[in-house]
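This is a predicted model, so every value here is computed, not measured. Order of listing sets the numbers, starting from 1, for every ligand and every atom in it.
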Amino acid sequence: MAQTAVVVGTQWGDEGKGKITDYLASKANYVVRYQGGNNAGHTIEFNNEQFKLKLIPSGVFRAEKIILGNGMVINPESLIEEIKYLNDRNVSTNHIRISNRAHVILPYHLEIDALQEELRQDQKVGTTKKGIGPAYTDKYARTGIRMGEFIDKETFAEKLKYQIDEKNVLLSKYNKPINTFEEVFNKYNQYADYIRPFVTDTSYEIDEALQQGKKILFEGAQGVMLDIDHGTYPYVTSSNPSAAGATVGAGIGPTKIDEVVGVVKAYSTRVGEGALPTELKNELGDYIRKVGREYGTVTGRARRVGWFDGVIVSHTRRVSGLTGLSINLLDVLTNIETLKLCVAYELDGEVIHFVPSTIKEFERCKPVYIEMPGWTENITQVKHFEDLPLNAQNYVRKIEEITKVPVVIISVGPDREQTMILKEIL
Ligand code: IMP
């Protein structure tokens, strides 16, 4: 069995990674998140309790140590809120470590995120307005504030002063509320005091753990189609959810990754703008949305729904090097007479098997489908693959065939118990 594994979303996020990470975390010593911030949202259910998390990996309930890696952008207010939320529900957070190289989201990032969306008019990305893009912009412009600097009062003051002046030029130009240094500093310095004990060199800790033979799970947020390089640019997030992001975003070398598990819905969903070739804008789409409870954890927005798209998941296999698939929400497809799976696109009269790089071409892609008969049996309590109705088994096997990735986990309901393990990973 593997020592390390990365879990990635293979579509546009919301594949139900939280539940799978929670399961794999039970086998891991450490769980590490390597990108994104509180734009993500995951829901975990067990013992009839439901937890909603944004920043903290779902492994928090089980793992020995939880790491928020250097590739993340962290909103201190949101982090503290989440820590308190967990503590109030008797979940310990003493095992959380935050990278001193992770970047801090400050109030002006949220204001600029909203402003940029407003200025884009009919080309909006549909961001979560959590300041993610502007925080990563500062990181790459080399003006961002890192956790290690944030918890050092003097450095934080120096850098913040410069940042506030710079950001106010932009915000005042568009008559947006501006921040004063004192206001932000006083508030955020208190947050820094709270967070300080959690901050450390997490890459060092991970390396030590690896040397001790500990098992490590790397958790990607969002999905590969939202990856800044390999997603449907510009309708993407500003980080690298793909598996390769785990190495840079956690501070480990690529040689340290053994397995990559891609989490996939038995159909497709997407929030925000951007093309979704297999979208179902009809009653069947509404039905799947309702049965699958397809509403965003962070923004509450209704997710757009479509058939399973094999071109997308094959793209993810390629750019993330998937070694196994976890199929989620298979139960949602029960009672649909005929199921469709997209196996290629037709683009300007030509059949293609890849995702075009430009949005304009992607928008013109028409799905090429195969059809399969559905099933009517309730599968929510099925524990073994062989006990699934034959048509459900065939549907799963077809996904394997299209994507060329073996299925290792099947989920048929939100609870921990409603999971079939076809192959142990960690
Ligand atoms: P941002 O990450 O807030 O900048 O948003 C960029 C795009 O990524 C938007 O289309 C969001 O809806 C989408 N997005 C960001 N985080 C998630 C997520 O966790 N699940 C699904 N979509 C997301």
Side-chain angles (χ1 to χ4, degrees), residues 7-21 33-44 52-58 68 71-75 78 82 103 105 108-120 122-140 219-242 245 249 262-265 267-276 279 289 292-306 312 316 328-329 359 362-363:
V7 177
V8 295
T10 59
Q11 295 153 315
W12 283 274
D14 310 316
E15 296 89 355
K17 289 181 297 294
K19 177 181 163 176
I20 303 308
T21 315
R33 203 178 136 185
Y34 56 85
Q35 45 70 235
N38 60 330
N39 49 347
H42 31 264
T43 308
I44 308 113
K52 285 182 189 284
L53 298 173
K54 292 174 187 169
L55 272 168
I56 299 175
S58 6
L68 276 59
M72 290 186 70
V73 284
I74 298 173
N75 178 328
S78 164
E82 222 164 281
H103 279 251
I105 297 185
Y108 45 81
H109 291 129
L110 280 78
E111 280 143 25
I112 292 172
D113 198 353
L115 172 64
Q116 285 176 336
E117 279 288 83
E118 196 182 312
L119 295 176
R120 282 182 199 121
D122 60 345
Q123 293 188 14
K124 290 189 199 328
V125 173
T127 76
T128 59
K129 301 215 174 88
K130 303 288 177 191
I132 306 295
Y136 277 114
T137 304
D138 278 358
K139 168 175 173 172
Y140 288 100
E219 173 179 343
Q222 288 90 38
V224 173
M225 296 317 291
L226 289 172
D227 186 284
I228 186 89
D229 287 274
H230 302 292
T232 42
Y233 191 89
Y235 299 106
V236 292
T237 190
S238 299
S239 64
N240 289 112
S242 5
V263 184
V264 65
K265 268 181 188 165
Y267 46 94
S268 306
T269 63
R270 177 164 200 178
V271 275
E273 306 303 319
L276 179 62
E279 186 161 9
R289 183 177 306 110
R293 297 188 283 170
E294 295 295 355
Y295 297 89
T297 316
V298 175
T299 58
R301 289 182 287 182
R303 296 179 187 140
R304 296 153 63 201
V305 172
I312 292 296
T316 308
N328 280 3
L329 294 135
I359 260 325
F362 189 51
E363 277 167 354

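Between Leu276 and Thr269 the shortest side-chain heavy-atom distance does not fall below 4.5 Å. You'll find the side chain of Arg304 stays beyond 4.5 Å of the side chain of Val271, heavy atoms only. By the 4.5 Å heavy-atom criterion applied to side chains, Arg120 and Thr127 are counted as neighbours. By the 4.5 Å heavy-atom criterion applied to side chains, Arg270 and Tyr235 are counted as neighbours. In this structure the side chain of Asp227 never reaches within 4.5 angstrom of the side chain of Val236, judged on heavy atoms. Contact annotation: the side chain of Val8 never approaches that of Pro241 to less than 4.5 Å [non-hydrogen atoms, C-beta and beyond]. Side-chain contact check for Ile105 versus Ser78: every heavy-atom pair is 4.5 Å or farther apart.
At least one N/O-N/O distance between Arg301 and ligand 1 falls below 3.5 Å. For ligand 1, the polar-atom distance check finds an N/O of Gln222 within less than 3.5 Å of one of the ligand's N/O atoms. Taking distance alone, with nitrogen or oxygen atoms compared against 3.5 Å, Asn39 approaches ligand 1 more closely than that limit. For a threshold of 3.5 Å applied to N or O pairs, the pair formed by Asp14 and ligand 1 contains at least one separation below that value.
In summary, of the residues considered (Leu329, Ile20, Val263), a side chain to side chain contact (heavy atoms under 4.5 Å, CB included) with Glu15 occurs for Val263 alone.
If you look at Lys17 next to ligand 1, there are no close heavy atoms at all, none under 4.0 Å. Residue contacts with ligand 1 for Leu226 involve side-chain atoms from C-beta outward but no N, CA, C or O (heavy atoms, distance under 4.0 Å). No part of Asp113 comes within 4.0 Å of ligand 1, judged by heavy-atom distances. For Tyr235, no heavy-atom contact with ligand 1 is shorter than 4.0 Å.
Of the options Gly126, Ala40, Gly274, Ser239, the smallest heavy-atom separation from atom 9 (C) of ligand 1 is shown by Gly126. Scanning Val125, Thr269, Thr237 for the heavy atom closest to atom 10 (O) of ligand 1 points to Val125.
Protein heavy atom nearest atom 5 (O) of ligand 1, with residue, atom name and distance: Thr127 CA, 3.4 Å. What sits closest to atom 3 (O) of ligand 1 on the protein, heavy atoms only, is Thr128 OG1, 2.6 Å.
Look at Glu294 and Arg303 and you find a salt bridge, because one of the NZ, NE, NH1 or NH2 atoms lies within 4.0 Å of a carboxylate O, short of that distance.
Distances below 4.0 Å separate heavy atoms of Trp12 from the following atoms of ligand 1: 21 (C), 22 (N). Less than 4.0 angstrom separates some heavy atom of Val236 from each of these atoms of ligand 1: 6 (C), 7 (C). Every atom of ligand 1 is numbered from 1 in the order shown, and the set under 4.0 Å from a heavy atom of Val271 is 10 (O), 12 (O), 21 (C), 22 (N).
Remark: Lys130 pairs with no residue by the side chain to side chain donor-acceptor pair (under 3.5 Å) rule, at least two apart or across chains.
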